[in-house]
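Order of appearance sets the numbers: ligands from 1, and atoms from 1 within every ligand. Nothing here was measured: the structure is a model prediction, and the numbers come from that model.
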Amino acid sequence: MADKNLCVLMCIDGKLVESSSKKTITVINPANEEVVGTIPAGTAADVDAAVKAARKAFDKGEWGKTTPAKRAEALQRMAALLAEKMPELTAILQAETGSTAMKAMVDVGMPIQLLNYYADIIRSPLRYDVGHVSPMPDEAGAPYSHGFVQRAPIGVCAGIIPWNFPFVLAFLKIAPGLAAGNTMIIKPPSEAPLATVEFIRMVNEAGILPPGVLSVVTGSGREVGESLAAHPLVDKVAFTGSTEVGRRIMELASPTVKVVTLELGGKSANIILDDADLDLAVEVSLFAFLFHSGQVCLSGTRCFAPRSRYEEILKKMADRASKVTIGDPTDPNTTMGPVFSRVQKETVESYIQSGISEGARLIYGGKPLQGKLFEKGFWVGPTIFADATNDMKIAREEIFGPVLTVIPYDTEDDAVEMANDTIYGLCGAVQSTNYARAVGVAKRLRTGTVWINTYHTQGCNTPFSGWKQSGVGTELGIEGLMAYTKSKYIHVDLVCDGPGRYSFLFNK
Ligand code: NAP
Ligand code: MG
């Protein structure tokens, strides 16, 4: 287990510092409400110090001049350090987030792959940062000249991270950001910052990166997050979180026209076609909305089921839901842990009440869990609504908890139309035994990711982007690296034919 009461400091310009306000924030364990640790409540002045250090490291320090090979070496050293510290960091992450072992493994383990993946890309002889050579067309009036495209780092980049996958989501930014040669400042979520802050401290202490290249400033979104998004010396802000705060980030970034990447909320549709293998489809549908107690932006929370097989599907869903083991997330037998906070529990419960009052039929869960274990901590069991319509609040708003809304449909066109009738466009899924038919439906869904006969699978190399109000830009894959670069065209004249070329300008 993690040490009780882990008091971490921020890491700014390679040094461990408390907040200039001297105030702290307490982090608690969602499974039992015990204190896990404290972090500094950072201020705008702390952000300013981190930004100036990042600026100096980028503009004047050695990092701005490093070769991709040197940066690849640094990323690989970070990956090796993380692999060594994984048990310790996983225990901290489980305590601060209430994650099961399987979820914690994704959260802490995938960053190792990400660091190595981007290290491999930038070391490749097919250099990512030097693009195609373009001879000038004759009509451009500059024969015998050519140019080439370079991908340059953007500069100082800030990453603002939510609490549901606080570690890996930081590395979706840190790994490509550092690989491309930027300097980075991370603002972790106030309620689950400890594993990230600890690891950034370890990286700095190991001397893997020069001071100021990777800093972490903790504290509230309102103060630290807003200061980063608005700071005139920050060149890019990469935000993962709610759509509501995403809109605010765009607003704050606009006066200085920063590059903005937003990965926001979702209300993803999972369409079961009438030819699906129902046992598999039901299992996928449960995993889609129960992984990490439904606190995943990708969650498949609207299930569209064919009316011809509706009752059969509902029966199988209720049966499978009863086989989920809810409990202490550190117990290896547990398959579902608590929700993240008291606020989250109350929000989810109010959505359950809203579903009931709007007339949806509760077919599983929806009541407080009974037992000694559930007297402390924040618990909501799997909850399934049937006979819902797509215009009910439970079908339109992101609940971010273990609640599924199952909506019947008559035709494939109806299912696609309802699936797309949302402000969100993050993910979707199709369950079918007919591959060609499933791909046809997948192509019609207006989302950045669609799974067929599975859910939640993502790799380092698969681009991830939110469509509509689920986001702007792309993370992961080669596109996720390019998102930390700007293209630069360098034009070279090869003629060198002396003065006279611009004689049209001079008439004396
Ligand atoms: P959130 O409230 O939007 O917060 C996300 C981060 O932004 C936190 O670090 C938060 O700081 C900070 N923040 C809050 N208000 C801010 C402001 N005015 N200016 C700047 N920063 C601010 O989201 P959350 O509740 O932590 O996470 C749940 C949401 O994240 C869900 O909507 C989920 O769908 C979304 N999400 C999306 C993805 C994706 O990739 N698309 C992945 C995971 C989660 P504090 O912690 O101090 O409040
Ligand atoms: Mg929040």
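Contact annotation: the side chain of D46 approaches that of I12 to within less than 4.5 Å [non-hydrogen atoms, C-beta and beyond]. The side-chain heavy atoms of V296 and F289, taken from C-beta on, include no pair separated by under 4.5 Å.
Distances below 4.0 Å separate heavy atoms of T240 from the following atoms of ligand 1: 5 (C), 37 (C), 38 (C), 39 (C), 40 (O), 42 (C), 43 (C). Of all the atoms in ligand 1, the ones that sit under 4.0 Å from a non-hydrogen atom of G219 are 47 (O). Heavy-atom proximity to S190, at under 4.0 Å, picks out these atoms of ligand 1: 45 (P), 46 (O), 47 (O). Taking every non-hydrogen atom of F464 and a distance limit under 4.0 Å, the qualifying atoms of ligand 1 come out as 40 (O). Residue-ligand proximity, L426 to ligand 1, at heavy-atom distances under 4.0 Å covers atoms 41 (N). Near C297, with a cut-off below 4.0 Å to any heavy atom, the atoms of ligand 1 are 33 (C), 34 (O), 36 (N), 37 (C), 38 (C), 39 (C), 40 (O), 41 (N), 42 (C), 43 (C), 44 (C).
Here's the thing with S242: one of its N/O atoms is less than 3.5 angstrom from an N/O atom of ligand 1. At least one N or O atom of G221 sits closer than 3.5 Å to an N or O atom of ligand 1. Residue contacts with ligand 1: L264 is placed with a nitrogen or oxygen under 3.5 Å of a nitrogen or oxygen of the ligand (distance criterion only). Residue L169 places no N or O, backbone or side chain, under 3.5 Å from any N or O of ligand 1. Below 3.5 Å of separation, one finds an N or O of W163 facing an N or O of ligand 1. An N or O contact shorter than 3.5 Å links K187 to ligand 1 by distance.
Pairs passing the salt bridge (charged side-chain N to carboxylate O under 4.0 Å, His left out) check and including a residue from residues 446-455, sequence neighbours excluded, do not occur.
Between F400 and W163, the two ring planes are perpendicular [angle over 60°; tilted spans 30° to 60°]. Classification of the F165-H292 ring pair by plane angle, with boundaries at 30° and 60°, yields perpendicular.
Using a 4.0 Å cutoff on heavy atoms, F400 counts as a contact of ligand 1. Proximity of S220 to ligand 1 is established by a heavy-atom distance of less than 4.0 Å.
Of the options T243, I161, L228, L252, the smallest heavy-atom separation from atom 9 (O) of ligand 1 is shown by I161. Of the candidates I160, V224, N164, I25, it is N164 that places a heavy atom closest to atom 43 (C) of ligand 1. Atom 19 (N) of ligand 1 has its nearest heavy-atom neighbour, among Q344, E191, E398, E226, in E226.
Of the possible polar contacts, one joining the S19 side chain to the A41 backbone as a donor-acceptor pair under 3.5 Å is found. Looking only at distances, a side-chain donor or acceptor of T183 sits under 3.5 Å from a matching main-chain atom of A54. The closest donor-acceptor contact from the side chain of R396 to the backbone of K267 lies at 3.5 Å or more, if one exists at all.
The pair E205-R201 meets the salt-bridge criterion, with a side-chain N (NZ, NE, NH1 or NH2) lying under 4.0 Å from an Asp/Glu carboxylate O. A salt bridge links E349 with K345; the closest basic N to acidic carboxylate O contact falls under 4.0 Å. Ion pairing between a basic and an acidic side chain is recognised when a charged N comes within 4.0 Å of a carboxylate O; E226 and R248 show such pairing.
At a heavy-atom cutoff of 4.0 Å, ligand 1 is contacted by no atom of F165, backbone or side chain.
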